[in-house]
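All remarks here apply to the structure that follows.
Within every chain, numbering begins at 1; the chains are lettered A, B, ... in the order of the sequence lines, protein sequences first and strands thereafter.
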Amino acid sequence: MSVRVRMAPSPTGFLHIGGVRTFLFNYLYARGRGGECLLRIENTDTSREVAEAVDQIQQSLKWIGIDWDGPVTFQLDSMEPAAAAAKRLVDEDKAYFDEGAIRIRMPREGVTAWDDAVKGRIEVQNSELEDMIIVRSDGRPIYNFANPFEDLQDGITHVIRGDDHVSNTPRQLNVIKALGGTAPVYAHVPNVFGTDGKKLSKRHGAVSVDEFRKSGYLPETLLNFLSLLGWSFDDKTTLMSRDELVERFTLERVGVSPATFDYDKLDWMNGMYLRALEPAAYAQRLVAFLHAEEDPDWPAATIEAAAPLVQEKIVKLGEFGGYAGFLFRPVPPPAELLAGSAPILAAVADGLAPLEPFERSGIEAVLRAAAEALALKPRDAFTPVRVAITGSKVSPGLFESIELLGRDESLARLRAAVALAG
RNA sequence: GCCCCCAUCGACUAGCGGCCCAGGUCGCAGCCCUUUCAAGGCUGUAGCGCGGGUUCGAAUCCCGCUGGGGGCACCA
């Protein structure tokens, strides 16, 4: 039997990162076994909001690197056939009308059980199960009926979903039984929490794929990080590409207890991926990101030139502006950081004015000579220069920054700083 | 209230009866390197929720407790 799974997002706007983690497990499981991965939208209407959300969901999934097979399907489209199936159950006396709604007969004795691919065997006393409404009095099927009905229709072999569906499972199992179908394998993966042990939400930080993208996380980071939430390959491996994940993922190694989303570790990992990029690829991604999220007018050539200066330093592409924004706009230095440093600033300006060629090594020589002449430690001498040039005590390498800024602008900033330093 | 699930360093986890006075990664602290910040290198920090069993031996198995989470809709 070949594997077929489905990802079933609700079209509620943005794609939640916790949901993506669940989809990822579906995706990895199917792809690792040559199976199929379907995308089924669990919509209850066809409003414009839904259409937009569906669009968003697909874009987010594609961006992060999760693809699917066949056309996107919609739960709403199977409402009719599901209702018809419910009527058939009534004809077979497996269900009955109750005040206009249809209820399914649940077994009265014994247990309903299944071997969960993640949690192991789970049993529920049938006495706990009530005859559940499967179709409303207005004719619309209920989720707990429509969902397993569709899984049957779609030939789903493995239902990999969130922990919160565990208690729905015995009901759905009985629906499937009534419909005469074979139950898929169920795998309930643990939830993802925020740092306070509560469901991951906005107040913990970014939660939608879109937010992560806009902050400058790489899709490969998110994919790798998400895979490690509730799953591990072994006791040592942390960094894995999508192909490696596909090859290594198994449901057996999915954990049973909930995981906490650790933003610090995500940042670390993104830094790892960012630094591992070839300089050219890094520059290219940086340009695309900045033009889309920061300022489309920043010259690509300047960004590319600045890329190597920040690659080792920033952990998210969105941090670029904070480090290298001084290359694109004036940055008035805080006067208090320049107090008493007029001599070194002036000496550096005088030294740089005639420098030829205006390059890193020469610039460094000028700065070091100026520091030595004034008997200043490099650290003490360079700080005011850094502040004058970049507007901050924290910046990319000073010499490279000056070279990139160019002689005219550098001298202008240094001389303005001399005036400020008094 | 009833039902189900879960429980290893602050976080993600390895561990599936002896290899563990518990290993890796993030974080944190210190040191080195150093023009700032990072990166990198080194060292360190910290954990099997509690109580009973079973066993020659338990983080690993069983029971109870406590603590989390989820569910009990003509919601999805």
Side-chain angles (χ1 to χ4, degrees), chain A residues 8-12 42-44 75 98-103 116 118-120 122-125 127-130 132-147 162-171 188 190-199 225-239 252-253 255-269 271-272 274-275 309-315 319 322-323 363-364 367-368 371 376-387 389-390 392-402:
Chain A
S10 295
T12 50
E42 307 250 289
N43 62 327
T44 51
Q75 180 176 81
D98 177 17
E99 300 197 32
I102 299 177
R103 283 186 190 276
D116 197 281
V118 169
K119 292 179 174 294
I122 298 177
E123 295 186 351
V124 175
Q125 294 295 322
S127 55
E128 298 294 330
L129 270 25
E130 291 181 357
M132 167 180 79
I133 287 183
I134 56 176
V135 179
R136 298 179 180 84
S137 50
D138 66 3
R140 292 154 56 220
I142 288 288
Y143 169 82
N144 268 326
F145 181 69
N147 191 272
D163 221 345
D164 45 329
H165 287 286
V166 169
S167 33
N168 287 327
T169 307
R171 298 173 232 287
H188 289 95
N191 285 123
V192 177
F193 292 138
T195 39
D196 54 1
K198 298 274 165 38
K199 202 176 169 215
F225 182 78
L226 255 21
S227 76
L228 259 16
L229 249 29
W231 175 82
S232 65
F233 173 59
D234 59 18
D235 61 336
K236 301 227 152 68
T237 315
T238 302
L239 267 13
E252 289 70 51
R253 290 197 63 84
V256 286
S257 47
T260 301
F261 196 99
D262 185 349
Y263 289 88
D264 285 338
K265 190 163 184 175
L266 209 218
D267 283 354
W268 163 79
M269 191 180 282
M272 292 296 282
L274 244 18
R275 274 173 256 124
L309 306 201
V310 300
Q311 185 165 12
E312 290 284 303
K313 301 181 185 299
I314 66 176
V315 122
E319 291 170 346
Y323 273 85
I363 293 166
E364 176 169 4
L367 293 229
R368 291 200 186 280
L376 290 170
K377 288 182 187 168
R379 182 195 186 96
D380 297 328
F382 297 169
T383 297
V385 177
R386 185 185 305 282
V387 169
I389 295 292
T390 72
S392 167
K393 287 166 76 175
V394 177
S395 80
L398 222 208
F399 319 130
E400 296 88 337
S401 293
I402 291 174

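- When Watson-Crick and G-U wobble pairs are counted only if both distances are under 3.5 Å, B:U60 pairs with no nucleotide at all.
- Looking only at side-chain heavy atoms (C-beta outward), A:Leu228 and A:Thr238 come within less than 4.5 Å of each other.
- Note: A:Ile102 CD1 to A:Met132 CE = 12.0 Å, rounded to the nearest 0.5 Å.
- Going from atom NZ of A:Lys377 over to atom C1' of B:U36 covers 15 Å, rounded to whole Å.
- Nucleic acid contact class of A:Leu367 (heavy atoms, under 4.0 Å, all strands): none.
- Distance check on atom P: B:C32 versus B:C16 gives 41 Å, rounded to whole Å.
- A pairwise comparison of heavy atoms in A:Arg386 and A:Val394 identifies CD-N, 4.3 Å as the closest pair.
- Taking atom CZ of residue A:Phe233 and atom P of nucleotide B:G15, one finds them 12 Å apart after rounding to whole Å.
- When the C1' atom is used for both B:C62 and B:C42, the distance is 46 Å, rounded to whole Å.
- Smallest separation of non-hydrogen atoms from A:Pro396 and A:Tyr323: CD-O, 3.2 Å.
- Rounded to the nearest Å, the gap between the P atom of B:C3 and that of B:C21 is 40 Å.
- Rounded to whole Å, the separation between the P atoms of B:A58 and B:G51 comes to 15 Å.
- A gap of 30 Å separates the P atoms of B:A11 and B:G53, to the nearest Å.
- Rounded to whole Å, the C1' atom of B:G47 lies 4 Å from the corresponding atom of B:C9.
- Summary of the strand contacts: A:Trp231 and A:Phe399 both lie near RNA chain B, and taking for each the nucleotide with the nearest heavy atom, the more 5' one is attributed to A:Trp231.
- Residue A:Glu400 has its side chain nearest to B:U35 when only B:U35, B:C6, B:C12 are considered.
- For B:G40, the paired base is B:C32 (Watson-Crick or G-U wobble, both distances below 3.5 Å).
- Residue A:Leu228 is classed as a sugar-phosphate contact, given heavy-atom separations below 4.0 Å to backbone atoms only.
- When both pairing distances are held under 3.5 Å, B:C26 makes a Watson-Crick or G-U pair with B:G10.
- Using a 4.0 Å cut-off between a side-chain N of Lys or Arg and a carboxylate O of Asp or Glu, A:Asp138 and A:Arg140 qualify as a salt bridge.
- The backbone N or O of A:Leu274 sits less than 3.5 Å from a side-chain atom of A:Gln311, completing a donor-acceptor pair.
- Here, B:G71 and B:A76 have their P atoms 14 Å apart, quoted to the whole Å.
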- Task: Spell out protein contact along nucleotides 37-50 of chain B as letters: B when the base is contacted, S when just the sugar-phosphate is, - when no protein heavy atom is under 4.0 Å; keep the 5' to 3' order.
- Result: BBSS----------
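- Between A:Glu364 atom CD and B:U34 atom C1' there is a gap of 12 Å when expressed in whole angstrom units.
- For the pair A:Asp235 CG and B:A14 P, the interatomic distance rounds to 9 Å; values are reported in whole Å.
- In this structure a side-chain-to-backbone donor-acceptor pair under 3.5 Å is present from A:Arg253 to A:Ser232.
- Applying the 3.5 Å distance criterion, the base of B:U25 shares a donor-acceptor pair with the side chain of A:Lys265.
- Under the ring pair (Phe, Tyr, Trp, His ring centres under 6.0 Å) criterion, A:Phe399 pairs with A:Phe382, sequence neighbours left out.
- For A:Met269 and B:C26, the CE to C1' distance is 9 Å, given to the nearest whole Å.
- Taking atom C1' on both B:C28 and B:C20, the two are 25 Å apart, rounded to the nearest angstrom.
- Side-chain atoms of A:Asp116 come within 3.5 Å of backbone atoms of A:His188 as a donor-acceptor pair (strictly under, hydrogens ignored).
- Within the 4.0 angstrom heavy-atom criterion, no nucleotide atom of any strand lies near A:Gly271.
- The partner of B:C72, taking Watson-Crick or G-U wobble pairs whose two distances both stay under 3.5 Å, is B:G1.
- Side-chain atoms of A:Thr169 come within 3.5 Å of backbone atoms of A:Val166 as a donor-acceptor pair (strictly under, hydrogens ignored).
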- Message: For a quick check, with a 4.0 angstrom heavy-atom cut-off, what is the B/S/- contact string for nucleotides 61-76 of chain B, read 5' to 3'?
- Response: --------SSS--BSB
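- The nearest whole Å value for the distance from the CG atom in A:Asp264 to the P atom in B:G27 is 7 Å.
- Nearest-nucleotide positions on RNA chain B place A:Val256 closer to the 5' end than the other of A:Ser232 and A:Val256.
- Not one N or O on the side chain of A:Asn144 forms a donor-acceptor pair closer than 3.5 Å with the backbone of A:Ile134.
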